[in-house]
Number of protein chains: 2
Amino acid sequence: MGKPSGLVQGTLDLLILKTISLEPKHGWAIVQRIQQVSAEVLQVQQGSLYPPLHRLEQQGWIKAHWSETEGGRKAKFYSLTRAGRTQMEKELANWDRLSTAINTVVQTNEA
Amino acid sequence: MGKPSGLVQGTLDLLILKTISLEPKHGWAIVQRIQQVSAEVLQVQQGSLYPPLHRLEQQGWIKAHWSETEGGRKAKFYSLTRAGRTQMEKELANWDRLSTAINTVVQTNEA
DNA sequence: TCTTTTAACATAGTTAGACTATGCAAGTCT
DNA sequence: AGACTTGCATAGTCTAACTATGTTAAAAGA
């Protein structure tokens with residue numbers, strides 16, 4: 001039924017871009033950060049992560065290189081490209097525009 | 001490319017419920033109100049409207065009756081049921097929860 | 001009067017972005 | 001040795017938008 005789903009559809013790209021804009025991270029850590037910063041409200045499933053990650057890379061907005069985590073494991077670290085930063089800003093502006101509009105509609109009490 | 005799509009996926013039900021909670025409206029007018037109140041930011045396509053409308057009716061959250069518009073045309077007017085109001089409040093709370101979480105993530109500048 | 005536009009409802013088929021389920025590999029912990 | 005955690009990845013499903021299309025009737029315009 002109305003499962004209080006863990007994401008708002010269409011916002012994952014933005015969340016990813018923002019997260020790695022602060023510092024390069026590997027997939028696993030990206031998910032961790034999104035969940036932690038959102039106080040566990042946003043839940044990103046494993047299977048939901050890699051497809052967008054690969055797509056963003058192919059679009060040239062992020063790039064990957066293999067490296068090591070603090071724990072000494074190898075992992076694929078993603079960082080934002082120049083174009084990616086522009087894209088992030090565009091998506092952020094769009095999110096603001098839309099979420100503001102939605103808030104206006106749900107808060108307006110005139111028919 | 002990144003078409004600045006006219007909706008945030010998953011929010012249409014809420015927008016519909018809210019709109020008819022203020023006063024019963026027919027489908028066409030629901031779309032008009034959403035677009036007007038949002039200053040044309042939110043764009044609901046014709047084909048996107050009726051499926052959710054029928055689904056919401058089947059779930060018992062809204063109910064329909066044929067009547068006439070101001071212009072003298074017959075149209076199906078939808079109004080909110082008791083259960084629908086509860087549902088609207090639930091979806092509104094969920095939207096607040098999620099959109100707030102997203103805003104936190106995109107505004108937080110600590111990795 | 002004829003035609004076009006607008007209001008209004010509706011369905012079929014497609015696409016996109018999430019989901020679940022599953023699998024592999026390597027390191028840690030008991 | 002076995003279980004759990006970290007970490008990457010794909011295949012298949014589901015849902016909610018989208019586009020395209022069709023119908024009916026009234027209004028507006030030629």
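Fair warning: this is a prediction, and the values are worked out from it, not measured in the lab. Here is the naming used below: chain letters follow the sequence lines, and residue numbers restart at 1 for every chain.
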Can you tell me which nucleotide in [options] comes closest to the side chain of [X]?
X	options	answer
A:Q9	C:dA18, D:dC18, D:dA16	C:dA18
A:P51	C:dG17, D:dA17, D:dT10	D:dT10
B:S48	D:dC8, C:dA10, D:dC18	D:dC18
A:H54	C:dA18, C:dA10, D:dA9	D:dA9

Using a cut-off of less than 4.0 Å, is there contact between a side-chain N or O of A:Q45 and OP1 or OP2 of C:dT20?
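It does, given that an N or O in the side chain of A:Q45 lies less than 4.0 Å from OP1 or OP2 of C:dT20.
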Would you kindly say whether A:W61 and A:D13 are connected by a side-chain donor-acceptor distance under 3.5 Å?
no
Within the 4.0 Å heavy-atom criterion, would you say [X] contacts the bases, only the backbone, or no part of the nucleic acid?
X	answer
A:L12	sugar-phosphate
A:G72	nothing
B:G47	base
A:Q43	sugar-phosphate

Take atom CD of A:E110 as the centre, draw a 6.0 Å sphere, and report whether it contains more than 12 heavy atoms from other residues, nucleotides or ligands.
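12 or below, so no.
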Crowding at CD, B:Q107 (>12 non-hydrogen neighbours, <6.0 Å)
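Counting other residues, nucleotides and ligands, CD of B:Q107 exceeds 12 neighbours.
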Protein N or O to nucleotides 5-7 of chain D N or O, pairs below 3.5 Å:
{"residue": "D:dT6", "atom": "O4'", "partner": "A:R73", "partner atom": "NH1", "Å": "2.9"}
{"residue": "D:dG7", "atom": "OP1", "partner": "A:T69", "partner atom": "OG1", "Å": "3.3"}
{"residue": "D:dG7", "atom": "OP2", "partner": "A:H26", "partner atom": "NE2", "Å": "3.4"}

I'd like to check B:K18 versus A:N109 (side-chain heavy atoms, cut-off strictly below 4.5 Å). Are they in contact?
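Yes; the side chains approach each other to less than 4.5 Å.
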Indicate yes or no: does B:R55 engage B:E57 in a salt bridge with an N to O separation below 4.0 Å.
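Here B:R55 does not pair with B:E57 in a salt bridge, since their nearest N and O are not under 4.0 Å apart.
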Whole angstrom is fine here: how far is it from [atom1] in [X] over to [atom2] in [N]?
X	N	atom1	atom2	value
A:L49	D:dT10	CG	P	12 Å
B:L7	C:dA18	CG	P	15 Å
B:D13	D:dA17	CG	P	6 Å
B:H65	C:dC9	NE2	C1'	16 Å
B:L14	D:dA17	CG	C1'	16 Å

Taking B:H26 as the fixed residue, which of B:W66, B:Y78, B:F77 is the one that meets the ring pair (Phe, Tyr, Trp, His ring centres under 6.0 Å) rule?
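With B:H26 as partner, ring pair (Phe, Tyr, Trp, His ring centres under 6.0 Å) holds for just one option, B:F77.
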Can you spot which of A:V44, A:L42, A:V37 makes a side-chain contact (heavy atoms from CB on, under 4.5 Å) with A:L15?
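Only one option passes, and that is A:L42.
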